[in-house]
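Structure first, then comments.
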Amino acid sequence: MGVRGLQGFVGSTCPHICTVVNFKELAEHHRSKHPGCTPTIVVDAMCCLRYWYTPESWICGGQWREYFSALRDFVKTFTAVGIRLIFFFDGTVEQDKRDEWVKRRLKNNREISRIFHYIKSHKEQPGRNMFFIPSGLAIFTRFALKSLGQETLCSLQEADYEVASYGLQNNCLGILGEDTDYLIYDTCPYFSISELCLDSLDTVMLCREKLCESLDISLADLPLLACLLGNDIIPEGMFESFRYKCLSSYTSVKENFDKKGNIILAVADHISKVLRLHQGEKKLEEMLPLGPNKALFYKGVASYLLPGQKSPWFFQKPKGLITLDKEVGSMSSAPESKQEVPMCTDPESKQGVPLCTDPDSKQGIPMCTDAESKQGVPMCTDPESKQGVPMWTNPESKQGVPVCTDPESKQGVPMCTDPESKQGVPMWTNPESKQGVPVCTDPESKQGVLVSTDPDSKQAVPVCIDPGSKEGFLLCTHPESKQGVPMCTHPEFKQGDPVCTHPESTQGDPVCTYPESKQGVPMYAYSEYRQGVPMCTYSESKQGVPMCTHTEFKQKSPLGADPEFKLEAPICTNPGINQEDLVNMEPEIKQQVTMVSDPEILKIARAHHVQAESYLVYNIMSSGEIECSNTLEDALDQALPSQAFVYRPVRQRVYSLLLGGGEDGASTCPTVKEWFVYSGNPLRHPDLVRPLQMNIPGGTPSLKLLWLNQDAGIQARRLDALLGCFDLSSSREELQAVENPFKALCCLLTYLFVQVDTLCLEDLHAFIAQALCLQGKPTVQLIDLQLDYIDARAVQLGSLLVRGLTTLVLVNSACGFPWRMSDFMPWNVFDGKLFHQKYLQSEKGCTVEALVEQNRSRLTKFHALKSVVCKACVRENRRIVSRQHWHSPQPGRWGRQGSGSHRTSSGYSRAGPGQHWRIQGPGNRQYEPDHWRRYSSSGWSN
């Protein structure tokens with residue numbers, strides 16, 4: 001995390017950068033300096049999770065009561081000294097950092113394998129050196145902090161950027177976290193969470209000014225240094241040879257420093273003594289071996305620039321103007337005006353060239369004498385021929401434009417440079433926009449035709465001017481009529497589609513042209529044949545569906561069909577974005593194109609996301625891409641499926657609800673990209689997951705009904721939608737009769753036992769007993785609870801249930817919050833050690849009375865909850881039996897003869913007996929139905 005090697009360098013090589021400070025004293029100083037302003041600390045919560053989780057036990061699924069108590073103490077301590085806390089959580093993984101995210105997940109997989117190996121060998125929890133945070137910790141921490149009255153925010157981009165921006169713009173006391181990127185951002189002070197002593201409120205402040213002083217560089221150089229060393233955007237190996245070259249030429253190598261420390265000193269020395277000599281004169285690619293990584297490197301540097309900040313390393317000459325980079329050497333008299341004119345020396349001809357002064361830039365510009373008027377004309381240098389070319393000054397932009405002489409009129413015509421041929425091309429000036437448009441000669445008519453450069457092919461494309469909007473439209477040549485037909489460029493594939501102007505929206509819509517009428521008709525992408533056919537315009541959106549031809553498959557595919565996996569993924573666009581904007585979008589702006597077209601619904605989803613009130617809903621609706629980190633799962637236990645697959649059918653129905661737009665949602669909404677970690681997944685590509693049709697009495701309600709309607713009875717529709725996501729609508733009455741907080745738990749247990757065949761009656765007893773016993777136990781009693789030993793299967797079952805609780809958060813958010821979030825917060829329904837204890841007791845054959853600790857009230861509730869779950873499972877053709885009734889087990893520990901371990905289906909709610917849990921629904925990569933074997937990377941299909 002952060003800049004490679006910088007944390008160790010600061011600790012070992014430059015310890016004076018770290019200063020012990022006291023938050024109470026800093027807050028008092030801040031109040032005296034800024035009266036009426038509450039001292040505020042911005043907390044990077046993702047960095048703090050492992051430091052907040054202080055419970056000794058972490059292997060069993062989480063000590064959630066204990067953890068909640070620790071968070072409460074943390075908040076109380078800062079509140080007591082008048083410090084306000086703002087917590088930021090990561091809300092997304094940016095594409096630039098996806099490779100780094102994958103790298104860490106695969107590393108975590110190896111760590112988890114070692115953890116389970118240790119458990120099986122020693123029957124105990126590993127030491128803190130193998131600590132792995134419990135599943136769902138980040139998600140539930142958001143809700144814990146909100147319940148404690150804290151301002152909790154979820155980022156829309158990389159969280160560290162939003163943390164640094166908030167700290168700078170709001171004059172905050174500082175940032176609390178553990179990420180060396182905060183040493184690079186030019187923002188408020190950075191404090192270490194790892195060095196925080198909560199009792200005294202002492203911690204360490206890392207001073208970026210002292211770091212710069214030690215390295216002999218400026219604050220503005222830090223982003224450049226970070227990228228040359230490697231960070232989450234720039235791979236560490238990209239500049240490895242460059243760093244060693246710096247080290248080899250570094251003359252001040254410190255023998256008492258480690259190798260990484262000397263490399264950092266050497267790179268900083270190169271910046272200060274070599275690169276800075278040309279700062280502002282040369283581009284970075286002229287000074288550094290960027291090669292094909294130039295764009296990525298620039299993006300890496302820019303990622304550290306907060307709003308309003310600029311980098312001195314970003315150098316750009318004025319577009320379309322190349323001046324002679326020489327100082328004025330003498331003065332000369334112009335023969336016509338008899339006035340002295342400044343002269344500069346042409347580096348090619350070595351001759352003196354007159355200069356005139358640019359009124360805007362105040363810089364000298366070479367001149368030549370116009371043959372007709374005998375007057376001086378500004379001149380620029382042709383980069384290819386190195387010769388002077390006359391210039392014409394654009395009255396709007398005030399910039400010089402090269403001029404060529406029209407052989408017919410003998411008059412000067414403005415020129416632009418063709419990026420391919422590097423030759424000058426005549427331009428026509430648009431009288432409305434005052435901007436120049438390139439002109440090419442039509443070989444048929446011999447007349448000039450306006451052109452535009454295709455950004456991908458780099459070739460000139462004819463342009464026509466719309467007389468109404470005065471805007472240019474690309475033309476393609478009709479194969480029959482040989483005449484130009486307007487085109488629109490699809491922002492993803494960059495290829496032209498014929499367009500017409502829609503009478504309602506006045507926007508250009510893709511069309512096919514009837515040869516008889518010569519009129520454009522919007523096209524519809526027929527998914528079965530992947531061809532475009534004429535269609536009517538949607539009465540609500542007034543938008544057509546463009547067609548594009550993918551160059552690799554040589555066939556027309558509907559817009560949104562994934563070219564890599566050949567799967568349909570229709571894309572809904574935000575109606576607030578004009579067609580013209582889409583054509584000219586830069587890659588960063590394209591992210592505004594969302595999966596949901598209703599701006600009101602999207603605004604609500606965004607607000608819930610930013611306020612950390614929902615989970616994954618906005619990600620699904622905006623980008624159609626979600627991720628889930630590692631879970632404590634045993635890769636060698638063939639009987640228990642990964643949580644990624646167990647809860648996938650629930651997510652698929654949520655996709656249908658969020659993206660389908662109503663009754664027939666699943667058949668029309670796009671696939672969702674899932675980056676879920678599970679054994680055998682190399683994470684080279686996301687899984688493409690299709691929605692599943694929901695079975696809800698009365699049909700699938702719209703999001704406007706679920707989210708906006710406050711009428712009486714809507715809450716019942718919300719509950720119907722929630723149960724429909726779990727495919728448990730038939731058990732509605734029984735579940736409704738269950739008291740809180742066990743209602744949500746029974747729903748989750750019913751779904752789990754229907755889905756996973758290898759769960760037995762003893763497992764159900766343990767889950768229910770721990771939830772009931774948890775209600776009456778104080779936190780201190782849970783802390784003192786001791787376990788006989790640790791069982792690997794129980795560890796995975798604990799994580800499986802907690803991941804189910806996070807899934808409930810997703811479903812409840814998507815359905816408009818029919819249930820209170822507190823009902824499935826783990827500190828109310830689950831404790832890892834307590835579950836483990838009940839699991840071991842149940843495995844030994846302890847009675848139900850012993851499981852509920854001889855409490856009659858709990859015993860009554862136990863039988864009631866068990867009855868609800870068992871009856872609901874029977875209704876779904878799943879009979880829960882004791883482990884003792886499994887006479888012929890499969891190689892999986894809890895396997896049953898003739899049955900797989902998981903009931904997820906291919907397109908339906910559940911599979912029949914014998915279906916393996918790795919066989920996915922439509923829209924995913926398909927796996928061979930090899931029973932009881934986890935798939936390795938060789939099992940992936942292309």
Side-chain angles (χ1 to χ4, degrees), residues 1-34 37-52 74-75 77-88 159-223 225-226 229 231 261 264-265 268 304 306 309:
M1 182 177 291
V3 183
R4 303 294 182 266
L6 189 56
Q7 186 71 49
F9 174 80
V10 168
S12 61
T13 308
C14 297
H16 63 280
I17 293 171
C18 305
T19 305
V20 176
V21 295
N22 182 269
F23 276 127
K24 184 177 180 181
E25 295 174 0
L26 291 175
E28 291 173 354
H29 177 72
H30 189 275
R31 274 189 289 268
S32 63
K33 190 176 180 181
H34 305 281
C37 180
T38 303
T40 301
I41 293 177
V42 196
V43 183
D44 186 338
M46 301 301 289
C47 293
C48 299
L49 293 176
R50 65 189 304 108
Y51 303 101
W52 286 335
F74 180 87
V75 169
T77 303
F78 281 91
T79 304
V81 296
I83 295 177
R84 171 176 170 242
L85 299 174
I86 304 289
F87 297 89
F88 274 84
D160 56 7
Y161 183 89
E162 293 195 14
V163 167
S165 297
Y166 188 96
L168 178 66
Q169 295 172 348
N170 293 275
N171 192 29
C172 291
L173 185 65
I175 293 168
L176 185 61
E178 200 69 24
D179 188 340
T180 48
D181 277 334
Y182 294 124
L183 267 175
I184 307 300
Y185 286 111
D186 188 3
T187 181
C188 59
Y190 162 43
F191 306 106
S192 170
I193 180 67
S194 66
E195 299 294 334
L196 174 66
C197 174
L198 199 59
D199 292 335
S200 63
L201 280 181
D202 286 341
T203 189
V204 165
M205 180 179 73
L206 292 89
C207 180
R208 58 184 69 88
E209 288 79 10
K210 290 184 179 179
L211 174 63
C212 290
E213 184 181 335
S214 300
L215 298 176
D216 192 25
I217 58 177
S218 67
L219 286 173
D221 298 331
L222 287 175
L225 174 68
L229 295 176
N231 54 24
I264 292 176
L265 290 170
Y304 290 108
L306 302 178
Q309 294 180 351

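Of all heavy-atom pairs between Cys48 and Ile193, the closest is SG-CG1, 3.8 Å. For Asp186 against Gln309, the heavy-atom pair with the smallest separation is O-NE2, 2.9 Å. When all heavy atoms of Cys207 and Leu183 are compared, the pair lying nearest together is C-CD2, 4.1 Å. Nearest heavy-atom pair, Asn22 versus Ser200, reported as atom, atom and distance to 0.1 Å: ND2-O, 2.8 Å. What you find for Gly82 and Thr38 is that their closest heavy atoms are O-CG2, 3.8 Å.
Under the 3.5 Å distance criterion, the side-chain polar atoms of Arg4 are left unmatched by any main-chain donor or acceptor of Leu229. Side-chain N or O atoms of Thr203 include one that pairs as donor or acceptor with a backbone N or O of Ser192 at under 3.5 Å.
By the 4.5 Å heavy-atom criterion applied to side chains, Asp221 and Leu225 are not counted as neighbours. Put simply, the side chain of Leu173 does not reach to within 4.5 Å of the side chain of Cys188, judged on heavy atoms. Side-chain contact between Arg208 and Thr187 is present, with at least one heavy-atom pair separated by less than 4.5 Å. Looking at Val43 and Ile175, their side chains never come closer than 4.5 Å, going by heavy atoms from C-beta outward. By the 4.5 Å heavy-atom criterion applied to side chains, Phe191 and Phe23 are counted as neighbours. In this structure, the side chains of Thr40 and Asn170 stay at 4.5 Å or more apart for every pair of heavy atoms. In this structure, the side chains of Leu26 and Lys24 stay at 4.5 Å or more apart for every pair of heavy atoms. Asp44 has its side chain out of reach of Leu176: every pair of non-hydrogen atoms, C-beta onward, lies at least 4.5 Å apart.
Counting heavy-atom neighbours within 6.0 Å of His16 NE2, excluding the residue itself, gives a total above 12. Within a 6.0 Å sphere centred on CZ of Arg31, other residues, nucleotides and ligands contribute more than 12 heavy atoms. Within a 6.0 Å sphere centred on CD of Glu213, other residues, nucleotides and ligands contribute 12 heavy atoms or fewer.
Screening Ile83, Leu201, Leu196, Asp199 for a side-chain contact (heavy atoms from CB on, under 4.5 Å) with Thr77, the sole residue that qualifies is Leu201.
Atom SG of Cys18 and atom CG of Leu206 lie 4.0 Å apart (nearest 0.5 Å). Here Leu85 contributes atom CG and Phe78 contributes atom CZ; the two are 6.0 Å apart, rounded to the nearest 0.5 Å. Here the CG-SG distance, from Leu211 to Cys14, works out to 6.5 Å after rounding to the nearest 0.5 Å. Atom CD of residue Glu162 and atom CD of residue Gln169 lie 10.5 Å apart, to the nearest 0.5 angstrom. Going from atom CG of Asp179 over to atom CG of Asp160 covers 5.5 Å, rounded to the nearest 0.5 Å. To the nearest 0.5 Å, atoms CD (Glu25) and CG (Asp202) are separated by 7.5 Å.
Side chain to side chain, Asp181 and Tyr304 meet the donor-acceptor criterion of an N or O pair below 3.5 Å. A donor-acceptor contact under 3.5 angstrom links the side chains of Glu178 and Ser194, judged on distance only.
The six-membered or imidazole ring of Tyr185 lies away from that of Tyr190, with a centre-to-centre distance of 6.0 Å or more.
The aromatic rings of Phe87 and Phe74 sit tilted, their planes meeting at an angle between 30° and 60°.
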